[in-house]
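Each remark here refers to the structure printed beneath this line.
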Amino acid sequence: MIKNRVNFLRKQFDEFKIDGYIIPKNDAYFSEYSSPDRLKILTDFSGSAGFVIILKKENYLFVDGRYVIQAQIQSGKYFKIIEIPKFSTQSILKRIKKKLLLGYDPQLFTNLSLKKKFSKDFNLLPISENLVDRVYKKNLKKNIFSFYNLDDKISGEGMKSKINRLIKIMKSKNIDNIFISAPENVAWLLNIRGKDSPNSPIPNCKIILTNNKKIYFFSCPKKINIIKKHKDYKKITFCTYSEFTKVINKLKGGSFSIDSSTCSITNEKLITALFNINANIDPCYTLKSIKNKLEIKGMINAHIEDGLALTRFIHWIKNINKKELTEVNAQNKLEKFRKLNKNYLFPSFNTIAGTGSNGAIIHYRSTKETTKIIKKNDIFLCDSGGQYKFGTTDVTRTLCFSKQKQSIKNIFTRVLKGHIAVAQTDLNVFKTGKQIDIRARKFLKESGLDYPHGTGHGVGFFLNVHEGPQSISKYNSIQIKKGMILSNEPGYYKKNHFGIRIENLVYANQINNKLYFENLTLAPIEKDLINYKLLNKSEKDYLFRYHLNIYAKYSNSLNKKERKWLATLI
């Protein structure tokens with residue numbers, strides 16, 4: 001039980017003379033999916049972002065707007081749920097007169113993350129042993145899977161070429177050594193993949209690259225047998241994490257580059273003891289965000305194959321008797337449609353299949369305990385994605401099974417208008433995610449409505465379904481460049497009633513100096529929820545062309561009933 005775990009944790013406070021303890025969502029690799037997921041172990045909260053402060057008498061779980069409802073359901077009995085950035089740690093704990101001493105694991109925090117979360121109002125004490133691990137050790141056992149090489153015919157660029165590009169950047173900035181601490185960046189740079197995440201082909205590892213191309217590779221020794229034998233990796237020095245200090249001590253040069261978002265306080269302290277830090281952002285983020293021609297081709301093909309499964313699923317759920325159909329039944333059926341494709345590997349994230357009020361929980365996950373029967377009058381939101389051998393997908397569709405109120409159709413249509421506005425963006429004029437985000441929200445805001453999440457995130461190539469630095473949000477000023485892939489997903493959520501979201505993946509394409517978004521996702525949009533009187537001619541033409549393209553792609557692969565239904569959408 002949550003209560004027992006929290007109490008066991010509190011019993012350790014006297015040993016370290018602390019007033020409280022901080023637990024983040026991430027593990028030591030700072031990836032989206034944590035293993036172990038200490039936050040979930042302690043709180044039962046399964047969202048992808050958040051942190052906890054346990055005090056001697058109170059517990060606080062801090063989450064952003066996407067997860068407030070979910071956190072309340074999963075953890076609200078034992079934790080006070082605090083929405084960030086509406087409220088900060090300082091604003092919540094300022095009533096406590098004394099300056100709190102909070103313990104934390106320095107391997108799970110960066111200096112940047114601590115500064116963002118905690119001001120000078122707190123004293124922070126690094127504790128080398130993680131206190132949550134003492135609480136629930138049986139959850140910390142891990143399966144060991146080997147890393148493997150991604151062929152250049154799939155990646156579109158060899159490891160040597162990528163390293164040469166990175167070395168060029170290093171020399172231009174007088175960087176002698178770079179610590180690449182984000183596993184997804186190592187995966188991109190060295191063209192390797194792994195199985196250390198349930199939904200991304202991430203190889204949990206870190207490297208140090210010197211400006212004379214020497215590579216020190218840190219990981220679990222049991223995972224590297226396959227890649228050690230590959231010809232491309234013969235010159236790499238493979239190390240255990242216990243050898244990190246030894247490697248640092250023998251490196252030459254005076255300067256080091258680290259990534260402030262993934263270099264732990266522990267590792268930064270070791271590096272700064274011997275070197276000057278002259279850069280704080282890993283260049284690999286930007287390099288890998290711009291996909292090459294083969295990567296784009298792979299993503300297009302992955303979406304064509306994924307779209308067929310989605311189209312068949314939408315037809316199936318629209319026409320099946322709903323009396324005994326649950327959310328879990330629906331997500332399992334979608335998975336079966338995807339598994340019919342030999343190139344499909346596994347989901348790119350946990351499917352969100354929420355009917356009625358569950359659809360209003362932005363990152364809801366249906367389980368056997370929470371699943372609801374999908375009723376005929378419900379609005380059903382399904383957000384899912386797949387990892388294919390040559391690409392990553394992510395798509396959301398909102399569906400209905402009976403005639404809906406005009407007010408709901410109006411909201412759906414305003415979400416759709418925002419979705420189309422993003423898709424039709426002139427990227428030569430609206431160059432950043434911040435500018436594009438305004439276009440997405442415009443039509444909802446005309447009715448005093450909005451949504452508490454970004455409009456779009458960057459997407460990896462057979463990697464993380466969420467990756468930066470580009471995104472479409474109120475705060476992102478990264479310029480959109482040719483080859484970048486993003487999601488386009490405005491929405492609206494009415495607590496305890498319904499959720500609406502329409503999501504496609506798009507990529508920035510360029511013809512004759514004109515930069516524009518081109519759709520990757522091919523799946524029908526729910527026409528029964530549209531109020532056509534709110535659409536202008538350009539928007540109607542967009543929908544016609546979009547559904548015509550889907551019909552042209554899939555008509556020969558569908559059965560007679562599916563094909564007839566799809567034709568009615570044009």
Side-chain angles (χ1 to χ4, degrees), residues 32 48 66 199 299-300 302-304 306-307 309-311 313-314 317 330-331 334 338 347-354 358-365 379-387 391-400 411-425 433 436-437 439-441 443-444 450-460 464-467 470-473 476 484-493 498-508 517-527 529-530 539 542-543 546-547 549-550:
E32 181 173 356
S48 66
R66 297 171 298 170
N199 300 109
M299 290 290 277
I300 290 171
H303 280 82
I304 289 172
D306 196 58
L310 285 159
T311 300
F313 168 76
I314 293 170
I317 198 169
Q331 65 189 40
L334 176 53
R338 282 196 167 106
S348 56
F349 57 95
N350 291 323
T351 296
I352 300 165
N358 284 344
I361 304 171
I362 297 172
H363 279 198
Y364 169 76
R365 183 186 178 190
I379 291 175
F380 177 68
L381 187 153
C382 186
D383 186 351
S384 70
Q387 295 284 6
T392 303
T393 73
D394 180 5
V395 55
T396 307
R397 288 296 180 264
T398 305
L399 307 172
C400 70
I411 294 172
F412 181 90
T413 307
R414 289 183 181 279
V415 171
L416 176 60
K417 285 170 74 71
H419 175 89
I420 295 173
V422 172
Q424 294 183 327
T425 297
I436 300 167
D437 187 81
R439 292 168 59 81
R441 298 176 195 272
F443 305 100
L444 282 167
D450 201 357
Y451 47 95
H453 58 73
T455 298
H457 53 82
V459 181
N464 291 326
V465 73
H466 304 114
E467 72 170 36
Q470 79 280 16
S471 72
I472 304 173
S473 78
N476 194 292
M484 285 185 171
I485 297 174
L486 300 104
S487 68
N488 169 14
E489 50 179 311
Y492 177 75
Y493 312 90
F498 62 85
I500 292 169
R501 186 161 65 249
I502 305 169
E503 177 187 18
N504 281 2
L505 295 193
V506 296
Y507 72 96
F517 281 138
E518 193 157 318
N519 275 313
L520 287 166
T521 304
L522 295 168
I525 293 170
E526 179 61 274
K527 297 188 81 173
L529 280 171
I530 299 173
E539 292 161 342
Y542 171 91
L543 275 177
Y546 184 73
H547 285 119
N549 187 30
I550 292 172

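These numbers come from a predicted model, not from an experiment. Residue numbers count from 1 along this sequence.
Using a 4.5 Å heavy-atom threshold, the side chains of His363 and His453 count as separate. Between Pro452 and Ile362, the closest side-chain pair of non-hydrogen atoms falls below 4.5 Å. Side-chain contact between Leu399 and Cys382 is absent, with no heavy atoms from C-beta onward closer than 4.5 Å. For the pair Arg338/Leu310, a side-chain contact is recorded, criterion being any heavy-atom separation below 4.5 Å from C-beta on. Counting heavy atoms from C-beta on, the side chains of Ser487 and Val465 never come closer than 4.5 Å. Within the 4.5 Å cutoff, side-chain heavy atoms of Pro524 are placed close to those of His547. Side-chain contact between Arg397 and Ile502 is present, with heavy atoms from C-beta onward closer than 4.5 Å.
Atom NE2 of His303 sits about 8.5 Å away from atom CG of Leu522, to the nearest 0.5 Å. Between atom CD1 of residue Ile420 and atom CG of residue Leu543 there is a gap of 4.5 Å, rounded to the nearest 0.5 Å. Between the CD atom in Glu526 and the CZ atom in Phe380 there is a gap of 12.0 Å [rounded to 0.5 Å]. Thr311 OG1 to Asp306 CG: the interatomic distance, rounded to the nearest 0.5 Å, is 9.5 Å. Atoms OH and CG, on Tyr507 and Leu486 in that order, are 13.5 Å from each other to the nearest 0.5 Å. For the atom pair OG1 (Thr413) and CD1 (Ile530), the distance works out to 6.0 Å, reported to the nearest 0.5 Å.
In this structure a side-chain-to-backbone donor-acceptor pair under 3.5 Å is missing from Gln470 to Gly433. Although no hydrogens or angles enter the test, the distance criterion places a donor-acceptor pair under 3.5 Å between the side chain of Arg414 and the main chain of Phe443. For Asn504 (side chain) and Asn488 (main-chain N/O), no donor-acceptor pair under 3.5 Å exists by modelled atom type. In this structure, Arg501 contributes its side chain and Gly359 its backbone to no donor-acceptor pair below 3.5 Å.
Contact between Ser384 and Leu334 at its shortest, heavy atoms only, is OG-CD2, 3.3 Å. Contact record, Tyr451 with Gly491: CD2-O, 2.9 Å, taken as the closest heavy-atom pair. The heavy-atom pair separating Leu529 from Cys400 by the smallest distance is CG-SG, 3.7 Å. Taking each heavy atom of Gly391 and Ala302 in turn, the nearest pair found is CA-CB, 3.9 Å. Pairing each heavy atom of Gly456 with each of Ser471, the nearest pair is O-CB, 3.2 Å. Closest approach of Arg441 and Gly454 over heavy atoms only: NH2-CA, 3.9 Å.
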| task | Take Leu505 and Val395, measure what side-chain contact (heavy atoms from CB on, under 4.5 Å) needs, and give me the verdict at the end. | result | CA-CA 7 Å; Leu505 295 193; Val395 55; over 6 Å; no

| message | With side-chain contact (heavy atoms from CB on, under 4.5 Å) as the criterion, how do Phe498 and Tyr492 come out once you've worked through the C-alpha distance, each side chain's angles and the decisive distance to 0.1 Å? | response | CA-CA 9 Å; Phe498 62 85; Tyr492 177 75; 4.0 Å; yes

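If you run side chain to side chain contact (heavy atoms under 4.5 Å, CB included) between Ile485 and each of Val506, Leu520, Thr392, Asp394, only Leu520 comes through. When each of Thr351, Thr396, Asn350, Thr398 is checked for a side-chain hydrogen bond (donor to acceptor under 3.5 Å, both in side chains) with Asp383, only Thr396 meets the rule.
Between Tyr542 and Tyr546, the angle of the ring planes stays under 30°, which puts this pair in the parallel group of the 30/60° scheme. Aromatic ring pairs are classed by plane angle as parallel below 30°, tilted from 30° to 60° and perpendicular above 60°; the pair His457 and His466 is perpendicular.
Counted by atom type alone, Asn358 and Arg365 present zero donor-acceptor pairs between their side chains at under 3.5 Å.
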